[in-house]
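Below you'll find the structure, written out as structure tokens, and then a few comments.
Naming: A, B, ... by sequence-line order, numbering from 1 per chain.
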Amino acid sequence: MHLHRYEKIWLSLGAGGLALFIVLLCVNAFAMGMAPPSNMEMIDPAKVTETPPFDNPGLKKLSDNEYDAYMTAFAFGFAPNKMEVPVGSKVNFHVTSPDVVHGFQIPGTNVNFMVMPGHINSASYTFDKPGEYLILCNEYCGAGHQVMATTIIVK
Amino acid sequence: MNHTTIGQAQVDRPTARLSLAYVWVAYAAFGLAALAGMLQGMVRGGLVELPSWTNYYQILTAHGVLMALIFTTYFIIGFLLSGVAKTTGGSLHGTARGLGWTGWVLMTVGTAMAVVTIVTNDASVLYTFYAPLKASPYFYIGAALLVVGSWFGGFAIFSSYRKWRRENRGKLSPLFVYMSVTTFVLWLIATVPVAVEVLFQLIPWSLGWTPSINVMLSRTLFWFFGHPLVYFWLMPAYIAWYVCVPRVIGGHVFSDSLARLAFISLLLFSMPVGFHHQLMEPGISAGWKMIHVILTLIVVVPSLMTAFSMFATFETTGRKKGGVGLFGWFKKLPWSDVRFFAPFVGMLFFIPAGAGGIINASNQMNAVVHNTIFVTGHFHITVGAAVALTFFGVSYWLIPVLTGRTLTRTANRMGMVQTVFWSVGMFLMSFAMHYLGLQGTPRRTDYTTYMDHPLALGWMDYQRVMAFGGGLLFVAAVLLILILGYLTFYAPKGKTEYPIAETEAEQHTPRILERWPVWVGVLLFLIVMAYGIPIADQLTHNPPGSPPIRTW
Ligand code: HEM
Ligand SMILES: [Cu+2]
Ligand SMILES: [Cu+2]
């Protein structure tokens, strides 16, 4: 099969760039710990409200500047619906759903993941700036999807 | 090599009628969907409110299903059947036509069922129908008929191909036929997982025969199909780019073997990649996600090959027409011929679209854009611009070929106007969508300010830009349907060429490219590698399932 000389150059540059890019992605995910949210924990979706810690959703203080936030996402809201942490806190969000699939996104941060019935998903973020951060559902979940939001206050 | 086509039938009447039946269902769906799309933009921009007998998610379901599933599939089958007929002697034999009509009937019954359930608001589950949202069983049965019907379109192509090979032993198949066969090999394999999802999970569960559903598995099966689905849209556009556009501009196929190689690569790397749609999901390990990401990104290579072939054809042709200097050839291209202009603009859209695709597929960057309207912006410039503009460009000659009419100068000029409206509209709408997505605006969401959160209020200006783009798009859609109606019923009778380019000189194409058992074998191997363990895991190591839920 005949390849034009320019085409060889073009494809080699493309393939080389691609290989480099893939290496960077792997380093970033596995060496720098930035793999996408892939929590493998499971839960019975029918029993979310009876299963600790989701029976009592809210912030659990781990240290002065680190919290676990156990939350549920349901049609059409989040629990708890009010949270407040001091500036500089790292919050580890752990979220599950008792009904359909939802999304969990905090615009302006890299917190963005799917919440699925039967599974718990997680992501962490350090809130270095004060403000009232919007948390919204970004997966269609029914007639009230557009009102499904809450906030986390950082001050 | 250069054969004249004047005086010889392009596509015989019975085949033309079949192809036209597919193309017109495609455009009927397209027209309705365009209306829904415009309304979506207006609603999100806060410019209109929907009347109480409908709601945002109902029209969004209609838009997604009619555009992404109905318009594309019907157009593709109609176009490929006509081209296979043209390149195998001008007609489909009886068996192939019978298969084609069987498919059309099954698909149309399925479409009608799906549309009725959407209209009665019993299927506002969007075109991805994610469980445990439960639509009416008739919606799923309609979807199953649509898929099964589309297989018959593929059988029609395979049967013509087999006949041609029998009659032309030892010869290389026509490029158009080869590419159509590859497209339908992809489609037949890719639709198996979604058929399994619909037949064995969704239908029994929606009928109440099974109490709960394995949500994770249903999503994995859906996206196993969902990524090849987008290649299924793209490959027919590539066929037009590789085979038809060069002839429209009076040129040749740049390289037969590279074209075939690009198609085989698309086939192989379309399927073992679905987790790039599930990067933000729990229950799939980061390692498996990375494997799918790497296999996804390999598509860069056939894409670069295609880009090279296109511009090589344009340059060679432009130079032959007397273009000199570094860019002189560029001016020699037929800029005022809509059959060239529309697909060319589509190609231009595909350049930023490719960059956006790399962002979406990269597992960390995906966290920034996942389920934001950036993604919607991305597929409106891929399928909504690159593919759709190519299909429009094809329709401007295909419909006259099928009806024995001609594309008049005025119709051509109107087509140019239509292309400009569509392109500007798509540019504005998609630009706003990409920009908003980076700010975090979610997709698939009715008008909302999140209780006047300042961030969400700040999105509104760009949502109006989106709405304005949608308005231009709707004008373009109406214009398109008017022009196509004219070309079907009123344009003057005459001969229109079905543009099929050939290579300039005899080229040597490696025979291995046409050994299907080899490629299907490699593909199955890749699929088992990429999905075997994760699916086995989801089947055996799963949480309690979900009951059906209706939240609308
Ligand atoms: C008249 C032209 C069009 C307009 C005005 C338009 C507008 C829109 C808008 C505003 C949305 C999204 C809204 C949201 O996420 O809330 C959307 C979604 C979508 N559009 Fe279009 N669009 C057009 C053409 C097309 C074409 C040609 C295709 C494909 C062939 C297409 C496929 C889709 C799909 C698949 C979705 C996603 C539906 C979902 O998220 O469930 N659109 N469109
Ligand atoms: Cu939601
Ligand atoms: Cu994909």
Could you pull out the closest heavy-atom pair between [X] and [Y], with the gap in Å?
X	Y	value
A:Phe30	B:Ala286	CZ-O, 3.8 Å
A:Met114	B:Glu281	CG-CG, 3.5 Å
A:Pro107	B:Gln439	CB-O, 3.7 Å
A:Trp10	B:Leu304	NE1-O, 2.8 Å
B:Tyr450	A:Met148	CE2-O, 4.2 Å

Side chain from CB out, backbone as N, CA, C, O: work out which of these in [X] comes under 4.5 Å of a heavy atom of chain B, or both, or neither.
X	answer
A:Tyr133	backbone
A:Phe104	neither
A:Ala29	both
A:Leu11	side chain
A:Ile120	backbone
A:Leu18	side chain
A:Cys26	both
A:Gln105	side chain

Rounded distance (nearest 0.5 Å) linking atom [atom1] of [X] with atom [atom2] of [Y]:
X	Y	atom1	atom2	result
B:Arg443	A:Asn138	CZ	CG	9.5 Å
A:Asn110	B:Met365	CG	CE	11.5 Å
A:Gln146	B:Thr445	CD	OG1	7.5 Å

Side chain, backbone, both or neither of [X] within contact of chain A (heavy atoms, under 4.5 Å):
X	answer
B:Asp446	both
B:Asp256	neither
B:Phe254	side chain

(message) For a quick check under 3.5 Å, do A:Thr151 and B:His453 share a side-chain donor-acceptor pair by atom type?
(response)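 No.
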
Taking the side chain as C-beta and beyond, is there a heavy-atom pair between [X] and [Y] under 4.5 Å?
X	Y	value
B:Leu133	A:Tyr140	yes
A:Asp99	B:Thr551	no
B:Lys289	A:Ser38	yes
B:Gln364	A:Pro36	no
B:Arg219	A:Val101	yes

If you count heavy-atom pairs under 4.5 Å between each of [options] and chain B, which one has the most?
options	answer
A:Cys141, A:Ala46, A:Gly17	A:Cys141
A:Asn39, A:Val100, A:Val115	A:Val100
A:Met34, A:His4, A:Met40	A:Met40

Determine the option with the most heavy-atom pairs under 4.5 angstrom with chain A, choosing from [options].
options	result
B:Ala131, B:Ala307, B:Pro547, B:Pro442	B:Pro442
B:Ala367, B:Ser124, B:Pro132, B:Gly440	B:Pro132
B:Val301, B:Leu126, B:Leu455, B:Val215	B:Leu126
B:Tyr130, B:Trp288, B:Trp552, B:Phe308	B:Phe308

(request) Output yes when a side-chain donor or acceptor of A:Asn121 lies under 3.5 Å from a complementary backbone atom of B:Met280, and no otherwise. (result)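 At least one qualifying donor-acceptor pair exists.
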
